[in-house]
Amino acid sequence: MSVQITTYFSEEEVDQRIRELGKQISRDYEGKELTIICILKGAVFFACELAKRITLPMRFEFMRCSSYGDETESSGVVKIALDLDKPIRGENVLIVEDIIDTGRTMQYLLQILKQREPESIKLCALLDKPDRRVTDVKVDYIGFKVPDRFVVGYGLDYAQRYRNLPYIGIVETDEKKD
Ligand code: IMP
Ligand code: MG
């Protein structure tokens with residue numbers, strides 16, 4: 001099987017979109033302090049770039065969720081592999097995720113975090129794959145919509161590879177049968 005990656009959003013397009021999101025978020029939360037929760041590992045590149053474009057005081061925290069499922073689809077059974085080390089009660093929380101696919105991971109995480117009584121909680125995703133959604137999770141800030149194809153780069157992986165690509169690409173596999 002050979003794997004080929006075709007550029008879908010260039011590095012310049014991604015950087016430009018992140019700047020716009022940073023401005024929008026800075027405006028929307030003006031006068032407030034923000035707690036960004038970066039969801040490891042996929043959102044790490046996006047969350048760092050986004051945080052640099054937000055002109056508000058902020059805390060920058062990490063969580064890691066693992067979803068039991070196969071390599072390309074989550075099951076909805078989500079385990080918190082790394083939790084926050086401080087409470088978020090009374091804080092304005094912005095969850096930063098790489099991609100919302102079925103929406104199961106974020107639906108579960110939102111439910112857990114809302115129980116900790118933040119002042120507000122919103123979701124920001126670099127990518128949104130609406131065709132695949134099976135939940136009604138609301139994504140407040142979206143970088144780009146993508147079609148129902150497997151995408152990599154800018155933090156997103158295919159079997160743990162390609163996270164370091166500076167652009168977003170589509171994986172084309174051609175399985176050779178003999
Ligand atoms: P959901 O629970 O189905 O929304 O799954 C979201 C998670 O699945 C993301 O955080 C990614 O880790 C992974 N994922 C879904 N689609 C893709 C993709 O096209 N490329 C890379 N990872 C993906
Ligand atoms: Mg992920």
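All ligand and atom numbering here is 1-based and tracks the order in the structure.
- Heavy-atom proximity to D98, at under 4.0 Å, picks out these atoms of ligand 1: 9 (C), 10 (O), 11 (C), 12 (O).
- Note on ligand 1: R133 sits outside its first shell, no heavy atom being nearer than 4.0 Å.
- Note that K122 lies in the cation-pi zone of Y29, set by a 6.0 Å cut-off to the ring centre and a 45° limit from the axis.
- Judged by distance alone, the side chain of T173 and the main-chain N or O of Q4 form no donor-acceptor pair under 3.5 Å.
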**Request:** Could you walk me through whether F144 and D128 pass the side chain to side chain contact (heavy atoms under 4.5 Å, CB included) test, one step at a time?
**Result:** CA-CA 6 Å; F144 302 100; D128 180 22; over 6 Å; no
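- For ligand 1, the atoms lying closer than 4.0 Å to a non-hydrogen atom of L156 are 20 (N), 21 (C), 22 (N).
- For ligand 1, the atoms sitting less than 4.0 Å from at least one non-hydrogen atom of R104 are 2 (O), 4 (O), numbered in the order shown with element in parentheses.
- Distances from ligand 1 to the non-hydrogen atoms of V137 include no value under 4.0 Å.
- The parts of I99 lying near ligand 1 are both backbone and side chain, judged by heavy-atom distances below 4.0 Å.
- Closest heavy-atom approach to atom 20 (N) of ligand 1 among the candidates V151, L127, I170: V151.
- With sequence neighbours excluded, the residues that form a salt bridge (Lys or Arg N to Asp or Glu O under 4.0 Å) with K129 are D101.
- Ligand-side atoms of ligand 1 in range of E97: 10 (O), range being under 4.0 angstrom from any heavy atom.
- Of all the atoms in ligand 1, the ones that sit under 4.0 Å from a non-hydrogen atom of D157 are 21 (C).
- Looking at D148, T105, D101, T135 and measuring to atom 2 (O) of ligand 1, the nearest heavy atom belongs to T105.
- Residue-ligand proximity: V152 is placed with every non-hydrogen atom at 4.0 Å or more from ligand 1.
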**Verdict with supporting geometry, D98 and Y154, side-chain hydrogen bond (donor to acceptor under 3.5 Å, both in side chains)** = CA-CA 9 Å; D98 54 358; Y154 225 93; over 6 Å; no
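- Exactly one residue among I37, L34, L110, L84 makes a side-chain contact (heavy atoms from CB on, under 4.5 Å) with V93. That residue is I37.
- Atoms of ligand 1 found under 4.0 Å from any heavy atom of R149, numbered from 1 in the order shown, are 19 (O).
- Residue G103 places a heavy atom less than 4.0 Å from ligand 1.
- Within the 4.0 Å heavy-atom cutoff, K129 counts among the residues contacting ligand 1.
- No more than 12 heavy atoms of other residues, nucleotides or ligands shown are found within 6.0 angstrom of CD on E30.
- For the residue pair T35 and E61, no side-chain donor N or O sits within less than 3.5 Å of a side-chain acceptor on the partner.
- Identified under the side-chain hydrogen bond (donor to acceptor under 3.5 Å, both in side chains) test for residues 42-54, with sequence neighbours left out: E49-K52.
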